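The structure appears below as structure tokens.
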Amino acid sequence: MSAHLNAALREGDNPELTEERRKATFDTRKLADEFFGSHLARRRREIAKAIDAIPELHDTKPLPFMTREEKVEEAARKVFTLSKHITDIVDLSNNRETQSLNEMVIGIEGMPISLHFAMFIPALQGQADDEQKREWLDRAIRMEIIGTYAQTELGHGTNLRMLETTATYDKQNKEFILNSPTLTSLKWWPGNMGKSCNYAIVVANLIIDDKLLGPHSFMVQLRDENSHETMPNIQIGDIGPKMAYNSSDNGFLKLSNLRIPRRNMLMKHAKVQEDGTYKKPPHEKLAYSAMVHVRSHMITQHAMLLAYALSISTRYSCIRRQGYIDPKKDEVKVIEYQTQQHRLFPHIARAYAFAFAGTESIRKFEIMKRSLEAGNIELIADLHALTSGLKAVVTYLAGQGIEQARQACGGHGYSMASYMGEIYGVGIAGCTYEGENLVMMQQLGRYLIKAVKSVKEGKKPTGYVAYLAHAGQRHSLIDCRPNEGYAEHIRAFEHIARRQTFRAAERLQKYENSGLSTEQAWNNCTVELNRASRLHTRLFIACNFYERVLDVEDMAVREVLEDLLHLHLNYELIDIASYALEAKKIRPNAVSLVDSWEITDREHRSVLGRRDGHVYENLFKWAKSSDLNQNDVLPSHKKHLLPMMLNARKQSKL
Ligand SMILES: CCCCCCC/C=C/C(=O)SCCNC(=O)CCNC(=O)[C@H](O)C(C)(C)COP(=O)(O)OP(=O)(O)OC[C@H]1O[C@@H](n2cnc3c(N)ncnc32)[C@H](O)[C@@H]1OP(=O)(O)O
Ligand SMILES: Cc1cc2nc3c(=O)[nH]c(=O)nc-3n(C[C@H](O)[C@H](O)[C@H](O)COP(=O)(O)OP(=O)(O)OC[C@H]3O[C@@H](n4cnc5c(N)ncnc54)[C@H](O)[C@@H]3O)c2cc1C
């Protein structure tokens with residue numbers, strides 16, 4: 001077959017798809033270069049080819065046919081195998097190369113070192129001082145140890161100020177005593193903590209001389225480095241099966257007055273001297289750096305999950321023939337139906353828009369990280385606002401798109417043969433982890449309210465909120481270059497976003513003027529404020545997409561991206577125009593309304609939905625019955641991960 005624009009053309013393909021691919025008006029590799037960046041696009045092709053040549057990196061059998069324990073073992077086996085080949089395949093210092101390798105080999109269901117790379121290493125990089133980096137970071141990078149990030153507790157995940165785990169400084173012995181004082185203080189959810197990790201960065205409330213100093217990070221050894229058996233004063237285990245992502249052993253951790261050396265508190269920013277003197281960090285939220293790191297990188301990951309679902313669904317829609325448009329002709333491909341196109345194409349546009357926004361988010365994170373290393377903390381607030389909004393909007397809309405893609409596949413979309421269920425389950429997990437979406441939207445809301453206040457004081461805010469100062473003027477969010485084709489869309493978008501932000505600010509002011517406390521006034525406005533945050537973020541995504549398309553040099557690729565941009569802007573404007581929902585008087589009757597359905601606990605099968613409300617004690621009981629907890633050390637750990645770490649330690653001693 002002659003070389004063609006569409007590099008996916010292959011002899012022996014389903015002719016239905018070949019027919020589609022022959023319609024391409026652009027070179028797919030050139031578009032891939034725009035989607036991933038040309039270097040990463042090329043490297044992904046090279047990585048995929050390298051993996052093809054290593055059968056032991058391929059799935060032993062389709063993951064949906066595996067039990068939970070088999071999934072955990074499969075992931076461990078692949079990690080061990082990868083450790084023998086990885087430096088031949090990727091540049092370990094390139095986050096997106098290693099991410100691509102993991103997605104191709106391990107897949108999306110998690111692996112024993114997910115959190116090791118996603119948070120444990122970034123937290124050490126951001127919060128350990130130089131001596132601590134030499135002691136732990138180098139070993140973590142060499143895979144001599146495996147870590148996680150243990151912050152969330154059974155009773156608190158969102159509200160970090162109420163975390164209950166304590167770290168009390170004992171001046172006498174120059175140690176911290178870590179303790180889980182209550183059932184709700186048990187660490188709960190941290191990825192790979194149940195059975196895989198031997199270290200964790202534990203976020204605990206620092207206490208010195210009975211004074212509570214808030215959340216700080218502590219390096220804790222969970223398991224013996226050689227036997228992998230649980231350390232004394234620690235109870236640890238898997239929390240049980242989840243909606244998806246079941247190759248990961250998310251765990252629980254109970255600390256019983258565990259003593260660790262003073263130097264196990266990460267002290268790049270906050271410090272505790274031997275005599276108990278406490279030195280505050282230059283910015284209270286530097287301790288939250290690992291979360292901002294993950295949020296900055298989640299955007300491209302969720303764009304990719306949406307792309308997975310849409311590539312499955314769009315290809316399938318071109319081979320599935322069902323029904324007629326003209327009854328005198330053959331059954332049509334379901335892609336021909338306008339409803340099917342409307343179900344898929346706007347989400348294809350979003351996948352590109354989200355990927356471009358994610359590249360910008362990572363770029364901004366790297367700029368903030370460099371400026372932080374130079375001692376400048378000014379960019380922290382801007383990045384927190386940007387990533388809070390992007391994480392909340394992209395994970396939610398990507399989840400919606402994945403579900404639409406599944407539905408577009410009809411019955412076979414409901415079979416795990418489509419893999420859609422897992423893609424959806426992993427996708428929507430992002431709406432919860434790294435900060436529940438509605439809460440993170442409020443973080444951006446705070447930032448927007450401050451911007452409105454500065455506009456009202458006659459100041460001109462800059463950056464992504466500059467448009468708030470330009471009511472009626474022809475100005476765009478991020479200096480969109482004048483291009484009549486789309487600038488009007490952008491300005492309409494800005495107008496809607498600006499109007500909503502000012503509406504929320506005025507409502508907040510009205511409640512405050514009425515004598516309500518700031519907190520009550522805020523709570524009464526959070527729906528309006530979240531709308532403003534959502535619109536602000538979608539405006540950013542649209543503008544970033546617009547700017548990105550204008551940079552494309554290949555005219556054929558630029559033309560198809562402009563088609564997607566046009567669709568995206570129109571779809572977004574229609575979608576946001578429907579912002580009008582109020583629900584007021586339900587609150588007092590909420591529980592009685594659901595009680596009236598008289599669904600029994602047996603029917604619910606849900607610990608959270610118990611009629612008696614005794615959730616926490618029953619969650620712990622449920623978790624302890626997990627099959628992964630029948631042994632302290634998994635057989636698969638002894639077979640794969642322990643040898644891997646022992647090898648790594650031997651290597652580093654050579
Ligand atoms: C399926 C694939 C899996 C892949 C891996 C999954 C890994 C998942 C890991 C996790 O989930 S780790 C745990 C994540 N947990 C969270 O994200 C918790 C979310 N909650 C918070 O971050 C905080 O509680 C909060 C919501 C930000 C509130 O914090 P706090 O009460 O301390 O602050 P506020 O009073 O709201 O704001 C005060 C002030 O601080 C600013 N600020 C808050 N956070 C940050 C930050 N990270 N960086 C910079 N600045 C921050 C905030 O904007 C306020 O500023 P002002 O408005 O006062 O100027
Ligand atoms: C797949 C997965 C992996 C995870 N991995 C880790 C990990 O590795 N390490 C770790 O530490 N944690 C991890 N977590 C935990 C995760 O970070 C928390 O679940 C998340 O931060 C949400 O907190 P929560 O569970 O307390 O939700 P809650 O806050 O209890 O949310 C329940 C409801 O309350 C609402 N709500 C709460 N506070 C407010 C507010 N102030 N205003 C308005 N509404 C509010 C929320 O919007 C939500 O609707 C993981 C979770 C998942 C699902």
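The shown structure was predicted, so the numbers you read here are calculated from the model rather than taken from an experiment.
Under a 3.5 Å cut-off, the side chain of Ser296 and the backbone N or O of Ile362 do not form any donor-acceptor pair. When atom types are taken as modelled, the side chain of His297 and the backbone of His293 share a donor-acceptor pair closer than 3.5 angstrom. Not one N or O on the side chain of Gln500 forms a donor-acceptor pair closer than 3.5 Å with the backbone of Arg531. One N or O on the side chain of His269 and one on the backbone of Gly126 form a donor-acceptor pair closer than 3.5 Å. In this structure, the side chain of Arg548 engages the main chain of Glu34 through a donor-acceptor pair within 3.5 Å. Side chain of Thr152 to main chain of Gly157: no donor-acceptor pair is present (N/O by atom type, distance under 3.5 Å, no hydrogens or angles). Put simply, the side chain of Asn544 gets close to the backbone of Phe356: a donor and an acceptor are under 3.5 Å apart. Although no hydrogens or angles enter the test, the distance criterion places no donor-acceptor pair under 3.5 Å between the side chain of Lys391 and the main chain of Ile299. The backbone N or O of Tyr245 lies less than 3.5 Å from no partner atom in the side chain of Ser248, so there is not a single donor-acceptor pair. With hydrogens and angles ignored, the 3.5 Å screen pairs a side-chain donor or acceptor of Asn570 with a backbone N or O of His566.
Side-chain contact of Arg343 with Gln404: a donor-acceptor pair under 3.5 Å is present, judged by distance alone. One side chain, Asn513 or Gln509, offers a donor N or O that lies under 3.5 Å from an acceptor on the other. For Glu436 and Thr158, the side-chain atoms include no donor-acceptor pair closer than 3.5 Å. For the residue pair Asp382 / Tyr447, a side-chain donor-acceptor distance below 3.5 Å is found, with atom types taken as modelled. Thr526 and Gln442 are not linked by any side-chain donor-acceptor pair at a separation below 3.5 angstrom, with hydrogens and angles left out of the test. Using a 3.5 Å distance cut-off with no hydrogens or angles, the side chains of Asn205 and Thr165 do not pair a donor with an acceptor. For the residue pair Glu153/Ser185, the side-chain donor-acceptor check at 3.5 Å is not satisfied. For the residue pair Gln443 / Arg446, no side-chain donor-acceptor distance below 3.5 Å is found, with atom types taken as modelled. Using a 3.5 Å distance cut-off with no hydrogens or angles, the side chains of Glu519 and Asn523 do not pair a donor with an acceptor.
Under the 4.0 Å criterion applied to side-chain N and carboxylate O atoms, Glu572 and Arg350 are assigned as salt-bridge partners. Note on Lys268 versus Asp130: no salt bridge recorded, every NZ/NE/NH1/NH2 to OD/OE distance being 4.0 Å or above. The pair Glu360-Arg363 counts as a salt bridge, with a side-chain nitrogen and a carboxylate oxygen less than 4.0 angstrom apart.
Atom NZ of Lys450 has 12 or fewer neighbouring heavy atoms from other residues, nucleotides or ligands inside a 6.0 Å radius. Surrounding NE2 of His39 are more than 12 heavy atoms belonging to other residues, nucleotides or ligands, all under 6.0 Å away. The number of heavy atoms from other shown groups lying within 6.0 Å of CD (Glu378) does not exceed 12. Crowding of Lys456 atom NZ: a count of heavy atoms from other residues, nucleotides or ligands under 6.0 Å exceeding 12.
In this structure, Ser217 and Val203 approach most closely via the heavy-atom pair OG-CG2, 4.2 Å. Between Ala521 and Glu512 the shortest heavy-atom distance is CB-CG, 3.7 Å. Contact record, Gly191 with Asn250: CA-ND2, 3.6 Å, taken as the closest heavy-atom pair. In terms of heavy atoms, Phe354 sits closest to Ala398 at CE1-N, 4.0 Å. Of all heavy-atom pairs between Leu468 and Arg498, the closest is O-CD, 3.6 Å. Contact record, Leu539 with Ile490: CD1-O, 4.1 Å, taken as the closest heavy-atom pair.
The aromatic rings of Trp188 and Phe252 sit parallel, their planes meeting at an angle under 30°, below the 60° perpendicular limit. Between Tyr546 and Tyr486, the ring planes lie perpendicular to each other; the angle is over 60°, past the 30° to 60° tilted range.
Here the straight-line distance linking atom CZ of Arg295 with atom OH of Tyr433 works out to 12.0 Å at 0.5 Å rounding. Separating the CE atom in Met267 from the CE atom in Met265 is a distance of 5.0 Å, to the nearest 0.5 Å. Atom CG of Leu124 sits about 5.5 Å away from atom CG of Leu137, to the nearest 0.5 Å. Here the CG-CZ distance, from Asn264 to Phe176, works out to 9.0 Å after rounding to the nearest 0.5 Å. Once rounded to the nearest 0.5 Å, the distance linking OG of Ser388 with CG of Leu444 reads 7.0 Å. If you take OG on Ser114 and NE2 on His116, they are separated by 11.0 Å, rounding to the nearest 0.5 Å.
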In sequence, state the C-alpha distance, the side-chain angles, and the governing distance for Lys369 and Glu366, and then conclude on salt bridge (Lys or Arg N to Asp or Glu O under 4.0 Å).
CA-CA 5 Å; Lys369 206 167 86 173; Glu366 293 305 324; 3.8 Å; yes

Should Thr184 and His156 be marked as a side chain to side chain contact (heavy atoms under 4.5 Å, CB included) after you check the CA-CA gap, both sets of side-chain angles, and the distance that decides it? CA-CA 8 Å; Thr184 48; His156 289 92; 5.7 Å; no

After noting the C-alpha distance and the side-chain angles of Arg558 and Asp551, does the key distance pass the salt bridge (Lys or Arg N to Asp or Glu O under 4.0 Å) rule? CA-CA 9 Å; Arg558 176 161 166 170; Asp551 287 341; over 6 Å; no

Determine whether Ser180 and Glu164 satisfy the following criterion, side-chain hydrogen bond (donor to acceptor under 3.5 Å, both in side chains), listing intermediate values before the conclusion.
CA-CA 7 Å; Ser180 308; Glu164 298 176 84; over 6 Å; no

Please lay out, stage by stage, how Phe117 and Thr98 fare under the test side chain to side chain contact (heavy atoms under 4.5 Å, CB included).
-> CA-CA 10 Å; Phe117 285 103; Thr98 45; over 6 Å; no

Full working for side chain to side chain contact (heavy atoms under 4.5 Å, CB included) between Glu103 and Tyr308:
CA-CA 11 Å; Glu103 281 163 1; Tyr308 282 170; 3.5 Å; yes

task = Using the salt bridge (Lys or Arg N to Asp or Glu O under 4.0 Å) rule, take Arg406 and Glu403 through it: C-alpha gap first, then chi angles, then the decisive distance, then the call.
result = CA-CA 5 Å; Arg406 181 196 68 79; Glu403 171 54 8; 2.8 Å; yes

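Annotation: side chain to side chain contact (heavy atoms under 4.5 Å, CB included) contacts of Phe345 (sequence neighbours excluded): Ile335, Gln341, Ile348, Leu567. Residues meeting the side chain to side chain contact (heavy atoms under 4.5 Å, CB included) test with Glu422, sequence neighbours left out: Lys71, Ile108, Glu109, Ala244, Met416, Tyr419, Val426.
Between Tyr352 and Phe545, the distance from one ring center to the other does not fall under 6.0 angstrom. Tyr396 has its ring centre no less than 6.0 Å from the ring centre of His302. A distance of 6.0 Å or more separates the ring centres of Phe120 and Tyr149. Less than 6.0 angstrom separates the ring centroid of His536 from the ring centroid of Tyr467.
Remark: Arg44 is positioned above the aromatic ring of Phe36, its terminal NZ or CZ atom under 6.0 angstrom from the ring centre and at most 45 degrees off the axis.
Residues Glu97 and Leu40 form a side-chain contact, since some pair of their non-hydrogen atoms from C-beta on lies under 4.5 Å apart.
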